[in-house]
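For reference, the structure discussed in these notes is given below.
Counting starts at 1 for both ligands and their atoms, in listed order.
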Amino acid sequence: SCGICVEKCPFDAIEIINLPQELQDEPVHRYGENAFSLYGLPAPQEGQVTGILGPNGIGKTTAVRILAGELEPNLGRHEEEPGWDEVLEAYRGTELQDYIADVRDGDVTISRKPQYVDQIPESFDGNTRELLERTDERGALDSLVERLEIGPVMDQSIDDLSGGELQRVAIAATLARDTDFYFLDEITPYLDIGQRVTAARLIRELAEEEDKSMLVIEHDLAILDLLADTLHVAYGEPGAYGVITSPKSVRNGINEYLSGYLDNENMRIRPNPIEFEEHAPRSVSRADTLVEYPDLTKSYGDGEFSLEVEGGTIRENEVLGVVGPNGIGKSTFAKLLTGNLEPDEGDADLDLDISYKPQYVTIDQHMRVDAFLSSITDQFGSSYWNTEIAQPLQLERIMEQNLSDLSGGERQRVAIAACLSDSADLYLLDEPSAHLDVEQRVQATKAIRRYAEQQDATVLVIDHDIYMMDLLADRLMVFDGEPAVQGRAGQPQSMRDGMNEFLANLEVTFRRDERTSRPRINKPESQLDRQQKSEGEYYYAP
Ligand code: ADP
Ligand code: ADP
């Protein structure tokens with residue numbers, strides 16, 4: 001026991017080194033004796049986008065259920081539940097007072113987007129149009145459909161939509177409703193950067209133009225930065241307790257999060273800071289070649305989509321990043337490399353052992369995680385494997401679960417582990433960030449980098465999270481063209497050249513945060529945006 005709790009520590013299993021001040025006060029809610037406790041609540045504000053940044057399992061959904069009036073908080077008392085009047089009393093004089101009074105009076109309506117959009121088809125039979133028309137309370141549906149580019153799938157069955165299409169339909173459905181409070185649990189999985197920026201702008205507009213309260217959980221830090229006005233950081237021990245801090249400015253909240261230390265709370269949340277390099281890594285030009293692939297072409301059906309890949313080389317021991325919009329042929333290229341797909345022209349018979357993690361992870365066997373992973377590698381359970389794979393990917397706690405019972409984020413971590421555990425010449429990871437929370441992305445990035453360095457492995461990563469790509473990749477391969485019609489892939493190039501080409505296509509520039517060198521998206525048409533575009537420097541400080 002750490003001596004602070006009155007009776008006995010409710011978190012026996014957990015080592016609390018530095019107990020936060022909040023844990024000495026009563027929680028907002030505790031699910032039961034020795035069960036998860038939540039301390040603090042986010043404060044939605046009319047006309048503002050409030051962000052929450054933190055890991056999964058820390059109580060964000062619990063907080064939202066309280067703010068939606070679905071869960072009556074018990075202030076940690078189980079015998080004699082306090083009721084809303086007493087809760088209101090506890091929040092008198094805080095930012096939440098008025099909001100909680102409205103919840104008590106049943107005056108808060110909410111529209112929410114769930115985290116795992118992949119599950120929507122299980123609960124809805126019908127096509128996109130039928131789903132969306134039921135939500136059109138503001139008369140804004142046509143414009144949402146246009147800006148989110150949903151038009152082409154309006155008459156398609158919900159069952160047949162891709163992850164990125166489902167995500168955009170779910171965002172449109174949530175924003176089309178007319179409620180006081182909108183809650184979006186992650187907007188970016190499966191979306192490309194252009195789509196992420198559009199979704200962020202739509203949410204901002206609803207706050208600014210309609211004076212709505214928006215609350216957003218987001219793990220893509222570049223997008224969160226663009227999206228939110230204020231930020232609550234959530235920290236604690238997933239599954240045991242969670243603390244939601246008072247609101248911070250978005251810039252400070254993200255900076256403190258990255259530094260690993262929360263200033264006002266006087267709280268360390270991670271041993272080491274996450275740091276970005278201001279300058280592009282120097283390209284190593286003399287590395288050995290792992291493989292040289294020729295010009296390749298591939299088209300589907302009657303040429304509805306066609307891809308042209310310029311021949312190039314993948315170097316030994318590098319992490320090669322692959323970027324480009326959705327529907328441009330990145331997965332098709334991956335399948336050409338793995339031999340799952342035959343090119344129309346060019347011989348891609350590369351004679352490589354490839355370990356491949358596809359974009360949509362469908363490991364649904366009735367098998368436990370430990371049995372599954374030990375069937376892939378005889379390194380399973382060795383101290384090396386535990387340190388390099390199991391720990392950073394937080395697998396220990398889910399080893400005994402069945403694959404079919406895993407959440408999206410858990411399944412992703414198992415799939416990354418399975419991909420890296422196989423012995424191969426080339427490790428190919430398609431969107432490893434999807435469904436990982438912000439801390440898991442950091443850990444997964446480190447695990448992949450370390451693995452590449454220590455095992456002399458070559459890794460090819462397709463992802464849309466620009467911070468992850470920055471921290472992970474040595475070189476970049478850029479796809480461009482017209483999504484769903486034709487795609488073109490250039491040769492792998494240096495990070496600086498690659499980022500410039502990629503971001504020029506998107507017309508997005510980044511500046512550097514003065515304190516941390518973290519890249520931040522410039523406002524379109526701001527002075528810096530125009531200056532950087534004219535200099536052709538979209539990402540790395542000139
Ligand atoms: P997040 O949204 O941050 O992922 P949640 O609020 O969903 O977190 O859950 C926080 C913790 O509370 C989890 O450990 C979860 O298992 C637990 N929890 C959620 N709902 C209940 C419940 N009804 N009874 C007991 N524990 C719960
Ligand atoms: P990305 O990975 O960049 O999102 P993909 O390679 O998955 O792009 O797809 C490129 C285009 O090819 C998309 O329009 C997609 O719908 C289409 N496509 C992919 N696979 C097939 C297939 N087996 N048959 C027909 N069209 C396909």
Side-chain angles (χ1 to χ4, degrees), residues 11 14 27-39 41-42 52-68 70-74 78 112 114-116 152-153 156 160-165 183 185-186 190-195 215 217 219 232 234-244 298-309 322-337 340-342 358-360 397 407-410 428 430-431 435 437-440 462-464 477-489:
F11 318 119
I14 297 140
V28 180
H29 189 73
R30 181 180 293 139
Y31 280 113
E33 206 107 356
N34 298 327
F36 180 83
S37 322
L38 174 69
Y39 297 81
L41 282 174
I52 307 183
L53 169 60
N56 287 329
I58 211 83
K60 293 170 308 218
T61 309
T62 303
V64 168
R65 289 184 58 219
I66 293 170
L67 296 178
E70 285 170 15
L71 176 69
E72 205 174 276
N74 61 21
H78 314 294
R112 76 178 85 193
Q115 181 174 22
Y116 296 123
V153 297
Q156 210 159 305
D160 297 338
L161 299 186
S162 71
E165 288 160 350
F183 170 64
D185 194 348
E186 285 200 88
Y190 307 130
L191 299 190
D192 63 39
I193 294 189
Q195 295 164 336
L215 184 66
I217 296 174
H219 304 292
H232 298 268
Y235 66 93
E237 278 293 333
Y241 73 91
V243 181
I244 294 182
K298 174 73 198 172
S299 58
Y300 291 115
D302 304 326
E304 282 119 36
F305 175 79
S306 63
L307 171 68
E308 275 179 39
V309 180
V322 175
V323 292
N326 279 334
I328 207 75
K330 299 182 302 297
S331 300
T332 302
F333 173 66
K335 289 176 195 153
L336 291 173
L337 284 184
N340 286 358
L341 206 60
E342 283 293 312
Q359 180 177 25
Y360 302 113
R397 252 188 280 159
S407 73
E410 290 165 346
L428 212 161
D430 196 345
E431 206 167 346
H435 294 321
D437 69 38
V438 60
E439 197 58 33
Q440 290 163 348
I462 304 174
D463 211 285
H464 298 294
M477 186 173 174
V478 181
F479 280 64
D480 188 22
E482 192 182 341
V485 180
Q486 54 111 356
R488 207 196 69 83

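For ligand 2 and S331, the ligand atoms under 4.0 Å from any heavy atom of the residue are 1 (P), 2 (O), 6 (O), 7 (O). Per-residue contacts place I58 under 4.0 angstrom from the following atoms of ligand 1 (heavy atoms of the residue considered): 1 (P), 3 (O), 8 (O). For ligand 1 and K60, the ligand atoms under 4.0 Å from any heavy atom of the residue are 1 (P), 2 (O), 3 (O), 6 (O), 8 (O). Atoms of ligand 2 lying under 4.0 Å from at least one heavy atom of I328, given by number and element, are 1 (P), 3 (O), 8 (O). The atoms of ligand 2 that sit less than 4.0 Å from any heavy atom of K330 are 1 (P), 2 (O), 3 (O), 4 (O), 6 (O), 8 (O). Listed by number with element, the atoms of ligand 2 under 4.0 angstrom from any heavy atom of N326 are 4 (O). Each of the following atoms of ligand 2 lies closer than 4.0 Å to a heavy atom of P325: 3 (O).
Counting only distance, with no hydrogens or angles, the side chain of D185 and the backbone of I217 share no donor-acceptor pair below 3.5 Å. No side-chain donor-acceptor contact under 3.5 Å links H219 to the backbone of D437.
A heavy-atom distance below 4.5 Å is not found between the side chains of E431 and I462. I66 places a side-chain heavy atom less than 4.5 Å from the side chain of L41. Annotation: side chain of Y190 is in contact with side chain of Q359 (closest heavy-atom distance under 4.5 Å).
For E33, the CD atom is loosely surrounded, since the number of other residues' heavy atoms within 6.0 Å does not exceed 12.
By the 4.0 Å heavy-atom criterion, S162 is excluded from the residues contacting ligand 2. Using a 4.0 Å heavy-atom cutoff, G57 is listed among the residues neighbouring ligand 1.
Per-atom contact check: atom 3 (O) of ligand 2 touches the protein, criterion being a heavy-atom distance below 4.0 Å.
Looking at atom 19 (C) of ligand 2, its nearest protein heavy atom turns out to be Y300 CE1, 3.4 Å. Scanning all protein heavy atoms for the shortest distance to atom 7 (O) of ligand 1 gives T61 CB, 3.4 Å. Nearest protein heavy-atom neighbour of atom 8 (O) of ligand 1: G59 N, 3.1 Å. Summary of contacts: the protein heavy atom closest to atom 5 (P) of ligand 1 is T62 OG1, 3.7 Å. Among all non-hydrogen protein atoms, the one lying nearest atom 9 (O) of ligand 2 is T332 OG1, 3.9 Å. With hydrogens left out, the protein atom closest to atom 14 (O) of ligand 1 is G239 CA, 3.1 Å, a heavy atom. Of all protein heavy atoms, the one lying nearest to atom 23 (N) of ligand 1 is Y31 CE2, 3.5 Å.
Classification of the Y31-F36 ring pair by plane angle, with boundaries at 30° and 60°, yields tilted.
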Problem - Candidate pair H464 and N326, rule side chain to side chain donor-acceptor pair (under 3.5 Å), full reasoning - result: CA-CA 9 Å; H464 298 294; N326 279 334; 3.1 Å; yes
Exercise for the section: Let me see the working for I328 and K330 under side chain to side chain contact (heavy atoms under 4.5 Å, CB included), right down to the final yes or no. Expected result: CA-CA 6 Å; I328 207 75; K330 299 182 302 297; 3.8 Å; yes
Practice task
Begin with the C-alpha distance, continue with both residues' side-chain angles, and end with the deciding distance and a verdict on side chain to side chain donor-acceptor pair (under 3.5 Å) for T332 and Y300.
Solution key: CA-CA 10 Å; T332 302; Y300 291 115; 2.8 Å; yes
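A salt bridge between E308 and R488 is absent, with no side-chain N of the basic residue lying under 4.0 Å from a carboxylate O of the acidic one.
Residue contacts with ligand 2, taken as heavy atom pairs separated by less than 4.0 Å, do not involve P483 at all.
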